[in-house]
Amino acid sequence: MPELPEVESARAVIERAGLHRTIVDVDDSDSYECRPHSPGQIRTALLGRTLTAAHRRGKSMWVDSSDAGPVLGIHLGMSGKIVIGDAEGTEVDGGDYWERGRQAGDHRFTRFGLTFEDGGRLLLIDPRRLGRVRLDPPVEKLGPDAQFIKPPAFRALLETSAAPVKARLMDQDRIAGIGNLLADQILWAARISPARPADELDSDEVSRLLRATRAAIRDAIAGGGVHTLKVVAHRKKVARCPRCKAEMSQGTVGGRTTWWCSREQAQ
DNA sequence: TATAGTGTTATCGG
DNA sequence: ACCGATAACACTAT
């Protein structure tokens, strides 16, 4: 679920409700979510400290801790979300995203947790368990954030590869934050086929693509997630292009299910 | 019961 | 070594 807009929302939850509170307990017992750490390692590193700032690049978050403590890296994977609750277990922030029937206090999918001095908790809830919590994450491997990338860098990442442009847009080492749904929206808005070799795009197409990238991210953050983007509701059989009413086509590009307008995004 | 899925990464072939 | 495609990961929803 989470692409850049959802991760930004999660980062904002931590910033609003998780900073400057003394950590008195840490549940890092899920050794899959906390790989490669062993249980207790993250706990020992954080006990007694506070979180001091929450950062994000692309789909990766990291949180600084006080007293020269470690950096706590959080990745939401396919299904993760951050929720902050009070001592009674009532959710005070983060509970609005992708509820999917989950009730407050349902801890079946809680994979990691911090408990603060007043009993409040910061939780990572992640049914599919493909998310990750780790100390001192290697953030520097990521490409520039898709929200803030500059035209020269954007142009360079496209003209140096014959891979399908969609695959290039989803390469987190080159541009960070674009996932499957955001990519489909961006390519649809720019009227470019997802399968086009990236290095064949002309300068007009590249500038349309960058404008569409910025607009999609802005709209998704404002609307509450990538599922609110225009073409996302039309990624299904029998659906038609919301602009020209031609049939939507489906296929695999860059290893992911891809939908595009059969008329406006023809090769 | 079988399959697809909003992400990442190890592995394989070119 | 680089590049791109694919499978695997864990688990739920349809």
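A note on names: the letters A, B, ... follow the listed sequences, proteins ahead of strands, and every chain is numbered from 1.
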Heavy-atom pair with the smallest gap, counting every atom of [X] and [Y]:
X: A/Ala216; Y: A/Ile186; result: CB-CG1, 3.8 Å
X: A/Arg208; Y: A/Ile192; result: NH2-CG1, 3.9 Å
X: A/Trp260; Y: A/Gly251; result: CZ3-N, 3.4 Å

Round to the nearest Å and state the distance from [X] atom [atom1] to [N] atom [atom2].
X: A/Glu33; N: C/dC11; atom1: CD; atom2: C1'; value: 12 Å
X: A/Arg235; N: B/dG5; atom1: CZ; atom2: P; value: 8 Å
X: A/Ile178; N: B/dG7; atom1: CD1; atom2: P; value: 11 Å
X: A/Asp173; N: B/dG7; atom1: CG; atom2: P; value: 15 Å
X: A/Ile175; N: B/dG7; atom1: CD1; atom2: P; value: 14 Å
X: A/Leu181; N: B/dA4; atom1: CG; atom2: P; value: 17 Å
X: A/Arg256; N: B/dT3; atom1: CZ; atom2: P; value: 19 Å
X: A/Asp126; N: B/dG5; atom1: CG; atom2: P; value: 19 Å

In one Ile/Leu/Val/Met/Phe/Trp/Tyr side-chain cluster, 4.5 Å: A/Leu229, A/Ile178: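 Yes, A/Leu229 and A/Ile178 fall within the same hydrophobic cluster.
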Short side-chain N/O contact from A/His75 to OP1 or OP2 of B/dG7, under 4.0 Å: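 No, A/His75 has no side-chain N/O under 4.0 Å of OP1/OP2 on B/dG7.
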Under-4.0 Å side-chain N/O to phosphate OP1/OP2 contact, A/Thr257 with B/dA4: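 Checking A/Thr257 against B/dA4: no side-chain N or O falls below 4.0 Å of OP1 or OP2.
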Involving DNA chain C, stems made of at least three consecutive Watson-Crick or G-U pairs, both distances under 3.5 Å: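 As far as DNA chain C goes, consecutive pairing (with distances under 3.5 Å) yields the stems B:2-5 with C:11-14, B:7-14 with C:2-9.
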Flag side-chain contact, heavy atom, 4.5 Å: A/Leu158 against A/Leu209: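 With C-beta onward as the side chain, the pair touches.
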Test salt bridge (Lys or Arg N to Asp or Glu O under 4.0 Å) applied to A/Glu15 - qualifying residues, sequence neighbours left out: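 Result, salt bridge (Lys or Arg N to Asp or Glu O under 4.0 Å) vs A/Glu15: A/Arg11.
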Annotated protein contacts, base or backbone, on nucleotides 3-10 of chain C with a non-hydrogen cut-off under 4.0 Å, one of B, S, - each: SSS---BB
Any donor-acceptor N/O pair, A/His234 side chain to A/Met248 backbone, under 3.5 Å: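 Judged by distance alone, no pair lies under 3.5 Å.
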Lys/Arg cation over aromatic A/Trp188: A/Arg235, 6.0 Å, 45° cone: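 Ring-cation test returns no.
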